[in-house]
Each structure stands twice: as structure tokens, then as C-alpha cells.
Amino acid sequence: MTAVTVPTGTKFDLGPARALLCRECGNETPLAPEYACLECFGPLEVAYDFGKIRREDIEAGPRSIWRYRGLLPVPSTVEQHPNTDPGGTRLVEAHNLAKALGVRKIWVKDDTGNPTHSFKDRVVGVALAAARELGFKVLACPSTGNLANAVAAAAARAGWKSVVLVPSNLERAKILMSAVYEGALIAVDGNYDDVNRLAQELAAENEDWAFVNVNVRPYYAEGSKTLGYEVAEQLGWRLPDQIVVPIASGSQLTKVDKAFRELGQLDLVEASPYKVFGAQATGCSPISAAFKAGHDVIRPVRPDTIARSLAIGAPADGPYVLDAVRRTNGAIEDVTDEEVVEGIKLLARTEGIFAETAGGVTVATAKKLIESGQLDPDAETVLLITGDGLKTLDALGDTIGPRATVPPSAEAVIKALG
């Protein structure tokens with residue numbers, strides 16, 4: 001399972017990271033470029049020995065994810081190397097959306113403000129920093145689009161080569177946004193799950209390629225914690241009552257939950273109860289289906305949805321999503337493509353935020369959960385909007401456009417306005 005040859009006893013500077021911990025059997029292994037347990041083949045995640053972390057030290061840090069460096073598996077010198085410096089995105093109090101949905105208070109965590117306009121810049125920033133320390137030379141990934149953009153940009157910024165694999169039917173905007181950085185962009189005939197299997201083969205054959213969501217996945221995944229950290233800090237160092245998170249592989253939801261738990265354990269926030277809700281598109285909703293059926297095992301599906309950034313039919317973190325949602329007394333729901341489009345339009349007309357299809361899934365799911373009584377309308381709620389609508393323009397089709405086309409006269413405009 002080792003991606004690069006590492007001499008026994010090698011010590012890595014990965015901040016507070018102590019070891020890699022198997023999420024299934026609990027076996028610990030030393031920090032290394034590993035992603036599967038050698039005892040049971042379960043997935044590994046990072047375990048920490050945190051020192052004393054103070055709010056004032058975080059607040060004095062840069063306005064990026066590196067203000068949370070003491071909580072991440074990155075070198076102490078992370079800021080000295082070229083990186084896209086993601087994070088520091090706005091948390092918007094969405095008064096108009098709250099009124100439209102009939103709830104007391106909603107916040108929108110608008111991650112479209114990241115360098116390549118999605119939350120993937122966060123996870124790639126951490127993956128690149130760890131990959132450099134672990135001895136990799138090429139940054140790579142299989143992707144549904146946003147990750148491809150983030151990897152290509154981060155590699156260009158760092159002066160690294162990149163290899164990015166995407167499904168050939170990906171949205172054209174995401175293809176162009178990956179290609180412009182002039183790394184190696186390879187379109188593959190097949191869906192994301194096909195592309196991911198190909199990436200695993202290539203990772204085994206090319207030991208100096210860091211496939212961020214394959215052979216350095218334990219480190220990469222920790223970048224999503226910064227969403228949870230930022231939300232809590234921006235709320236004045238407290239946890240929201242409820243949070244709605246879009247689900248692809250499921251890693252983001254589990255890491256936001258992990259971030260909230262860590263903040264409570266470190267006394268950076270009051271360890272108050274919170275509920276985590278998951279959002280999927282009906283055309284790719286294996287975790288939602290398992291949740292509703294009361295199952296613990298995720299049955300893979302073949303994706304068929306306009307929400308391509310969430311179109312992972314065999315989600316690696318599915319069982320852990322179920323654990324987090326059930327432990328916090330949340331729920332998982334799914335919405336149709338038509339509801340996704342309406343969710344995009346609802347957020348745009350109420351708050352002036354243009355989300356990609358994943359954001360439409362989040363908003364539409366929140367609406368559905370409110371209507372079913374699963375989301376408490378009196379509880380403070382956060383919605384994660386993880387990507388920019390300019391990346392998925394095709395999803396809107398002919399549903400929007402000019403109200404009218406008129407000659408250049410004031411009378412014609414007034415007439416068109418009715």
C-alpha cells in the first residue's frame with residue numbers, strides 16, 4: 001500500500017499529526033504515504049497530539065486555512081512554500097432565504113470565493129503540503145471537476161507537474177478551467193467510479209505521483225475540517241444547531257463533523273449538541289437510500305444526475321456519513337434534478353449567490369427537510385455552498401434568459417416590463 005519508498009524510521013514534519021489510525025480496527029501505523037490499513041485493509045485517517053491551541057493564536061494567523069495549521073497534518077513551514085492559500089471565505093446571514101423557507105435563521109457558507117471557486121482548494125492545499133513532505137513529485141487526481149481545477153491550479157502555483165483524470169462527459173467549463181493551467185488533463189470514457197479505479201492503478205505504478213484522493217487521501221481529507229473551523233470561528237466561536245452538507249464521497253460531511261468535535265475537545269467552543277444533515281441528488285443517492293432503509297451498507301449505483309460534482313456511485317465514506325448523521329440525530333435526503341435547478345435559482349434570487357449544481361442540491365434538500373419537519377425551523381442552520389454556478393451553466397438549460405428582446409427605446413423596455 002506504500003506509494004513511495006520510505007526508509008524505516010523516517011520522521012516527517014506534519015505538525016500535530018501523530019499517526020495514521022484505521023477507521024475500522026483502530027490499528028495505528030506511523031505517519032507515511034499510506035492510505036489502507038495493513039491489518040484489515042480499512043481506510044486510514046490522521047490521529048493527532050494537539051498542543052495548547054488558543055483562539056487568539058488562530059485569530060492572529062493568515063486569512064486562509066493556514067490559520068488552523070496547528071490542527072492540520074501539514075509541515076511547520078507550510079506558509080514558506082507556494083500554495084493557493086485557500087479559505088477565509090464569507091459566511092452570509094441569509095435573511096431573504098430564511099424568509100422564503102419559513103425559518104428563523106440561516107447562514108450560507110459561500111465557498112465559491114476560493115482560488116478555483118470551490119471548497120476543493122482547501123483539501124488540495126493540505127494534500128500538496130503533505131505530499132511535498134512525504135517525497136512526492138507529481139500532483140494528480142481522479143475528479144468530477146472541481147478537484148481537477150484545484151489540483152491543476154495548485155500544481156501550477158507550486159511549480160509541480162500535474163496529471164488530472166476526468167470523465168469525458170464533464171461540464172465544458174470544468175474541462176476548460178482544468179486545461180488552462182497546462183498540466184496533463186486526460187478525459188476518460190466512463191463515469192467517476194471508472195476514473196477512480198484507473199487512478200488507483202496508476203498510483204500503484206507511479207510511486208512519485210501523489211493522487212490526492214487516493215494514496216495521500218488521509219491527509220487530503222483533513223482539509224475539509226477547515227470548513228467546520230471557519231464556520232465556528234465566524235459564528236463567534238460557537239457551533240451551529242444544524243448544518244446541511246452536500247455528499248459526494250462523503251468525506252466532507254465526516255470531516256466537518258470531526259472539526260466540530262475537535263473544537264469542543266480543545267475548549268475552543270462550547271461542546272454543544274448539533275445535527276448534521278446530508279444532501280444528495282436523487283440520480284446518485286446511495287447514501288440517502290441506505291439511510292432511509294436503515295441499512296449500514298451502501299449499495300453502489302450508476303450516477304444519472306445533472307449534479308456531476310456529486311456523482312459518485314460508490315462513495316468511499318458512505319458508512320461513516322451514516323454514523324455521523326445518526327450520532328448527531330440528523331438525516332439524509334435527496335432531491336430531483338428539477339429541484340436542484342430550483343434550488344440554484346432560489347439561492348440566487350434571495351441572496352445573490354450563484355451556486356453550482358451541488359449548491360442547488362444543498363438548498364433544495366434543506367427546503368425538503370424543512371417541509372418534512374426534519375430540520376427545525378427555529379434552530380440556527382448553516383448551508384454549505386461548495387462551488388460556483390459559472391462551472392455548471394449547462395444545468396440551467398433554457399430555464400433562464402432575457403425576459404424580452406426589444407429595440408433600443410425606453411417605450412419598448414417599459415412595455416416589456418409589463
J.: What's the spacing between S178 OG and L170 CG if we round to 0.5 Å?
T.: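 That separation rounds to 7.0 Å.
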J.: Evaluate the side-chain proximity of F119 to T226: yes if any heavy-atom separation is below 4.5 Å, no if none is.
T.: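 Counting from C-beta outward, T226 and F119 never come under 4.5 Å.
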J.: Tell me whether D317 is salt-bridged to R23, with the criterion being a basic N under 4.0 Å from an acidic carboxylate O.
T.: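 Salt bridge flag = yes for R23 with D317.
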J.: So, N146 and E356: side-chain donor and acceptor under 3.5 Å apart, yes or no?
T.: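 Looking only at side-chain atoms, E356 and N146 do form a donor-acceptor pair, the distance falling under 3.5 Å.
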J.: Any heavy-atom pair between the side chains of P16 and D49 that's under 4.5 Å?
T.: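 Heavy-atom side-chain distance check fails, nothing below 4.5 Å.
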J.: Flag the pair V212 / C141 as yes when at least one side-chain heavy-atom distance between them is below 4.5 Å, and no otherwise.
T.: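 Yes. Closest side-chain heavy atoms under 4.5 Å.
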J.: Do L14 and E133 come close enough that some side-chain heavy atom pair is under 4.5 Å?
T.: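 When only atoms from C-beta onward are counted, E133 and L14 do touch, with a gap below 4.5 Å.
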J.: Salt-bridged, K292 to D334, with N to O below 4.0 Å?
T.: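 Yes, this pair counts.
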J.: How far apart are the C-alpha atoms of R104 and E380, what are their side-chain angles, what is the distance that settles it, and do they pass the salt bridge (Lys or Arg N to Asp or Glu O under 4.0 Å) test?
T.: CA-CA 7 Å; R104 182 177 65 84; E380 186 175 50; 5.8 Å; no
J.: Please name the residue in the list T381, L235, V231 that meets the side-chain contact (heavy atoms from CB on, under 4.5 Å) test with W107.
T.: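 The passing option is L235.
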J.: Please determine whether a side-chain nitrogen of the Lys or Arg among R67 and D57 lies less than 4.0 Å from a carboxylate oxygen of the Asp or Glu.
T.: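 Salt bridge: no.
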J.: Between E230 and K109, is there a salt bridge with N-O shorter than 4.0 Å?
T.: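 So K109 pairs with E230 through a salt bridge.
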J.: Start with the C-alpha distance between F291 and V325, add both sets of side-chain angles, then the distance that settles side-chain contact (heavy atoms from CB on, under 4.5 Å), and finish with yes or no.
T.: CA-CA 9 Å; F291 177 81; V325 169; 3.8 Å; yes
J.: Consider only side-chain N and O atoms of S272 and E270, and report whether a donor and an acceptor are under 3.5 Å apart.
T.: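 No, because no side-chain N or O of S272 sits under 3.5 Å from a partner of the opposite role on E270.
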J.: Under a 4.0 Å threshold between the charged nitrogen and the carboxylate oxygen, would E45 count as salt-bridged to K255?
T.: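 Judged by the 4.0 Å cut-off on N to carboxylate O distance, K255 and E45 do form a salt bridge.
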J.: What I'd like to find out is whether the side chain of L375 reaches to under 4.5 Å of the side chain of V244, using heavy atoms alone.
T.: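 Answer yes - side chains close enough.
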J.: Could you report the tightest heavy-atom contact between F354 and L390, atom names first, then the distance?
T.: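 Closest approach of F354 to L390: CE2-N, 3.8 Å.
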J.: Could you go through L147 and V124, starting from their C-alpha distance and side-chain angles, then the distance that decides it, and tell me whether this counts as side-chain contact (heavy atoms from CB on, under 4.5 Å)?
T.: CA-CA 8 Å; L147 182 58; V124 170; 3.3 Å; yes
J.: Should K137 and E207 count as an ion pair when the cut-off is N to O under 4.0 Å?
T.: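 E207 and K137: not salt-bridged.
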J.: Find the distance between NZ (K275) and CD (Q374) and round it off to the nearest 0.5 Å.
T.: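 Answer rounded to 0.5 Å: 9.5 Å.
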J.: Please determine whether a side-chain nitrogen of the Lys or Arg among D296 and R326 lies less than 4.0 Å from a carboxylate oxygen of the Asp or Glu.
T.: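 Here D296 pairs with R326 in a salt bridge, since their nearest N and O are under 4.0 Å apart.
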J.: Is R63 paired with D85 through a side-chain N to carboxylate O contact shorter than 4.0 Å?
T.: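 No.
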J.: Between K368 and E333 (salt bridge meaning N to carboxylate O under 4.0 Å), is one present in this structure?
T.: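 Yes.
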J.: If you look at every heavy atom in V123 and S224, which pair is closest and at what distance?
T.: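 Heavy-atom minimum between the residues: CG1-OG, 3.4 Å.
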J.: Are the side chains of L322 and I287 in touch, meaning some heavy atoms are under 4.5 Å apart?
T.: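 They are in side-chain contact.
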J.: Would you name the heavy atoms of L128 and A158 that are closest together and state the gap between them?
T.: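 What the structure gives for the nearest pair is CD2-CB, 3.8 Å.
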J.: Please answer whether the main-chain N or O of T112 pairs with a side-chain N or O of D110 as donor and acceptor at a distance below 3.5 Å.
T.: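 Checking the backbone N and O of T112 against the side chain of D110, a donor-acceptor pair under 3.5 Å is found.
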J.: Measuring from T350:OG1 to L97:CG, what's the distance to the nearest 0.5 Å?
T.: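 So the gap between those two atoms works out to 4.5 Å.
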J.: Will you find, in the side chains of D111 and T89, an N or O donor that is under 3.5 Å from an N or O acceptor?
T.: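 The answer is yes; a qualifying pair exists.
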J.: Give a yes or no on whether a salt bridge exists between E222 and K258, defined as a side-chain N under 4.0 angstrom from a carboxylate O.
T.: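 Salt bridge: yes.
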J.: Judged by modelled atom types alone, do Y181 and N149 share a side-chain donor-acceptor pair under 3.5 Å?
T.: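 Side chains of Y181 and N149: no pair found under 3.5 Å.
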J.: For Y48, check ring-ring contact (aromatic ring centres under 6.0 Å, His included) against everything at least two apart and list the hits.
T.: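 So Y48 forms a ring-ring contact (aromatic ring centres under 6.0 Å, His included) with F50.
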J.: To the nearest 0.5 Å, what is the distance between CG (D194) and CZ (R302)?
T.: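 One finds 6.0 Å between CG of D194 and CZ of R302.
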J.: Minimum heavy-atom separation for S143 and V195, please, with both atom names.
T.: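 Scanning both residues, the minimum pair turns out to be N-CG1, 4.4 Å.
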J.: Using side-chain heavy atoms (C-beta onward) and a distance below 4.5 Å, is I58 in contact with I53?
T.: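 With C-beta onward as the side chain, the pair touches.
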J.: Indicate yes or no for a side-chain donor-acceptor contact from T362 to the backbone of A358 under 3.5 Å, with no hydrogens or angles considered.
T.: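 Confirmed, T362 side chain pairs with A358 backbone.
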J.: Which value, rounded to the nearest 0.5 Å, describes the distance between F211 atom CZ and E201 atom CD?
T.: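 Spacing of CZ (F211) from CD (E201) equals 10.5 Å.
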J.: Search all heavy atoms of E339 against all heavy atoms of A364 and return the closest pair with its distance.
T.: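 Closest heavy-atom pair between E339 and A364: O-CB, 3.3 Å.
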J.: What are the two closest non-hydrogen atoms of S249 and P315, and how far apart are they?
T.: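 What the structure gives for the nearest pair is O-CB, 3.5 Å.
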J.: Under 3.5 Å, side chain of Y219 to main-chain N/O of A129, donor-acceptor pair present?
T.: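 No; judged by distance alone, with no hydrogens or angles, the pair does not exist.
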J.: Tell me, do L44 and T29 make a side-chain contact under 4.5 Å, heavy atoms counted?
T.: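 Answer yes - side chains close enough.
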J.: Counting only heavy atoms from other residues, nucleotides and ligands, does the tally under 6.0 Å from CZ of R55 exceed 12?
T.: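 Yes, because the 6.0 Å sphere around CZ of R55 holds more than 12 heavy atoms from other groups.
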J.: Do R197 and D193 meet the salt-bridge criterion of a basic N to acidic O distance under 4.0 Å?
T.: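 Looking at R197 together with D193, the answer is no, because their closest N to O distance does not fall below 4.0 Å.
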J.: E342 vs K367, test: salt bridge (Lys or Arg N to Asp or Glu O under 4.0 Å). Steps then yes/no.
T.: CA-CA 11 Å; E342 288 306 309; K367 181 175 184 292; over 6 Å; no
J.: For K225, is there an ion pair with E262 - N to carboxylate O distance below 4.0 angstrom?
T.: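 Yes, E262 and K225 are salt-bridged.
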J.: Which is it for E28 and R18 under the salt bridge (Lys or Arg N to Asp or Glu O under 4.0 Å) test, yes or no, and what are the steps along the way?
T.: CA-CA 9 Å; E28 283 196 8; R18 178 188 78 246; 2.4 Å; yes
J.: How long is the span from the OG atom in S76 to the CD atom in Q80, to the nearest 0.5 Å?
T.: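 Answer rounded to 0.5 Å: 7.5 Å.
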J.: Would you find more than 12 non-hydrogen atoms of other residues, nucleotides or ligands less than 6.0 Å from D304 atom CG?
T.: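 Result for CG/D304: open.
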J.: Please state whether the rings of Y229 and Y68 are parallel, tilted or perpendicular, taking 30° and 60° as the class boundaries.
T.: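 Judged by the thresholds at 30° and 60°, the geometry between Y229 and Y68 is tilted.
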J.: So L268 and W237, side-chain contact (heavy atoms from CB on, under 4.5 Å) or not? Walk me through it.
T.: CA-CA 7 Å; L268 291 169; W237 292 108; 4.3 Å; yes
